[in-house]
Amino acid sequence: MTSWLLQRVSAVILLGMLFWHLAAAHFPPRDIDFDNVVTRLADPAWKLFYAVFLALALFHALNGVWQVAGDWTVVQSHRRSIMALLWVTGAVFLALGLQVIVVFDSVVAVARP
Amino acid sequence: MLRAVSERVEWRRLGFWVWMLRRVSGLGIAFYLLLHIVVIHQLVAGRATFDQAMDLFASPAFRLGELAVVVACIVHAVDGVRVMAIEAFDLARAERRMLWLSATVAGVAVALGGTPLLLHLLGLRLVLP
């Protein structure tokens with residue numbers, strides 16, 4: 001029930017955020033390069049935006065995989081393993097994303113040739 | 001009477017495929033999201049490595065892949081909104097109309113979102129009025 005509701009709440013927020021992300025980063029279509037991304041990530045407002053976007057997108061994606069897996073897996077121990085695997089995947093990719101958004105110093109990267 | 005029953009069965013089957021389409025597109029987008037995170041993480045490796053990766057993604061094959069991601073996102077999002085609208089406003093009886101409406105919205109969105117990408121793929125520049 002909670003998983004069902006959270007999937008819908010995250011969907012609505014993601015729809016707006018995805019639109020914003022596409023409008024800012026990919027419209028009109030252009031060739032993305034280092035400066036392009038790093039300039040945006042130097043802005044604290046964008047850092048916050050992307051941190052939330054990343055967490056919500058990962059949650060929605062992995063919760064969706066969980067719902068699909070749950071429909072096709074009846075063995076309880078398998079379900080537990082899948083759940084554990086999804087949590088680990090989420091944690092690893094959240095860490096990778098946050099390293100770029102928060103820890104990676106894009107202000108320095110912009111200044112460096 | 002028999003025809004009505006068979007029509008309903010056909011309708012159920014269509015509903016099943018739409019549901020399946022949302023699942024498959026969702027799984028595809030989930031996989032893309034993980035790839036996207038890994039690729040953007042290459043920023044940490046520095047300008048040269050990152051730009052080299054970006055050059056690879058500027059190839060026509062990857063641009064077609066991007067188009068597929070956009071289409072998958074539109075299909076998944078529009079159908080998600082359709083399901084939420086049916087649940088929220090108790091529109092189960094208008095199910096048929098809702099499906100045609102969402103198919104139309106998805107078609108328009110694919111045309112609007114896909115055209116600039118196709119132009120870019122063909123090396124043309126989008127000129128906004």
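Order of the sequence lines fixes the chain letters, A, B, ..., with proteins taken first and strands second; residue numbering starts at 1 for each chain.
- Residues A:Trp46 and A:Phe34 share a single hydrophobic cluster, defined by chaining ILVMFWY side chains whose heavy atoms lie under 4.5 Å apart.
- Using modelled atom types, no side-chain atom of B:Asp51 and backbone atom of A:Asp33 make a donor-acceptor pair closer than 3.5 Å.
- B:Arg47 has a carboxylate O that lies under 4.0 Å from a charged side-chain N of A:Asp35, or vice versa, which qualifies the two as a salt bridge.
- Residues A:Val12 and A:Leu14 fall into different hydrophobic clusters, defined by Ile, Leu, Val, Met, Phe, Trp and Tyr side chains chained together at heavy-atom separations under 4.5 Å.
- B:Leu117 touches chain A through backbone and side chain together, each having a heavy atom under 4.5 Å away.
- A 4.5 Å side-chain heavy-atom check between B:Glu87 and A:Arg8 finds at least one atom pair inside the cut-off.
- Proximity of A:Leu94 to B:Ile37: side-chain heavy atoms (C-beta onward) are nowhere separated by under 4.5 Å.
- Closest heavy-atom contact between B:Pro116 and A:Phe27: CG-CE1, 3.8 Å.
- Side-chain contact between A:Asp31 and B:Met54 is absent, with no heavy-atom pair separated by less than 4.5 Å.
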Residue pair B:Val38, A:Phe93: steps toward the side-chain contact (heavy atoms from CB on, under 4.5 Å) verdict | CA-CA 8 Å; B:Val38 169; A:Phe93 282 86; 3.6 Å; yes
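- Within a 6.0 Å sphere centred on CZ of B:Phe16, other residues, nucleotides and ligands contribute more than 12 heavy atoms.
- The two atoms that bring B:Ile40 and A:Val100 nearest to each other are O-CG2, 3.8 Å, heavy atoms only.
- Heavy-atom distances place the side chain of A:Leu54, and not its backbone, under 4.5 Å from chain B.
- The residue among A:Arg30, A:His26, A:Gln7 with the most heavy atom pairs within less than 4.5 Å of chain B is A:Arg30.
- Following chains of ILVMFWY side-chain contacts shorter than 4.5 Å, one can reach A:Leu18 starting from A:Ile32, so the two form part of one hydrophobic cluster.
- Shown here for A:Leu96 and B:His41, the closest heavy-atom pair between the two residues is O-CD2, 3.3 Å.
- Note: the hydrophobic cluster containing B:Leu34 also contains A:Val88 (ILVMFWY, side chain heavy atoms under 4.5 Å, direct or indirect links).
- For B:Trp19, the CH2 atom is densely surrounded, since the number of other residues' heavy atoms within 6.0 Å is greater than 12.
- The aromatic rings of B:His36 and A:His21 lie tilted to each other, with the angle between the two planes from 30° to 60°.
- Heavy-atom contacts from other residues, nucleotides or ligands closer than 6.0 Å to CZ of A:Phe19 number 12 or fewer.
- The contact between B:Leu33 and chain A is made entirely by side chain atoms (from C-beta outward), counting heavy-atom distances below 4.5 Å.
- For a residue to count as touching a neighbouring chain, one of its non-hydrogen atoms must lie under 4.5 Å from one of that chain's; by this rule A:Asp71 touches chain B with the side chain only.
- Between chain B and the options A:Gln67, A:His60, A:Gln99, heavy-atom pairs under 4.5 Å are most frequent for A:Gln99.
- Residue B:Val81 touches chain A through its side chain alone, counting heavy-atom pairs closer than 4.5 Å.
- Hydrophobic clustering places A:Leu86 together with A:Leu5 (ILVMFWY residues linked when any side-chain heavy atoms are closer than 4.5 Å, directly or through intermediates).
- Minimum interatomic distance between B:Ala30 and A:Val65 (heavy atoms only, all atoms of both residues): CB-CG2, 4.3 Å.
- Under the 4.5 Å side-chain criterion, counting only non-hydrogen atoms from C-beta, A:Val37 is in contact with B:Phe50.
- In this structure, the portion of A:Leu15 lying under 4.5 Å from any heavy atom of chain B is its side chain and not its backbone.
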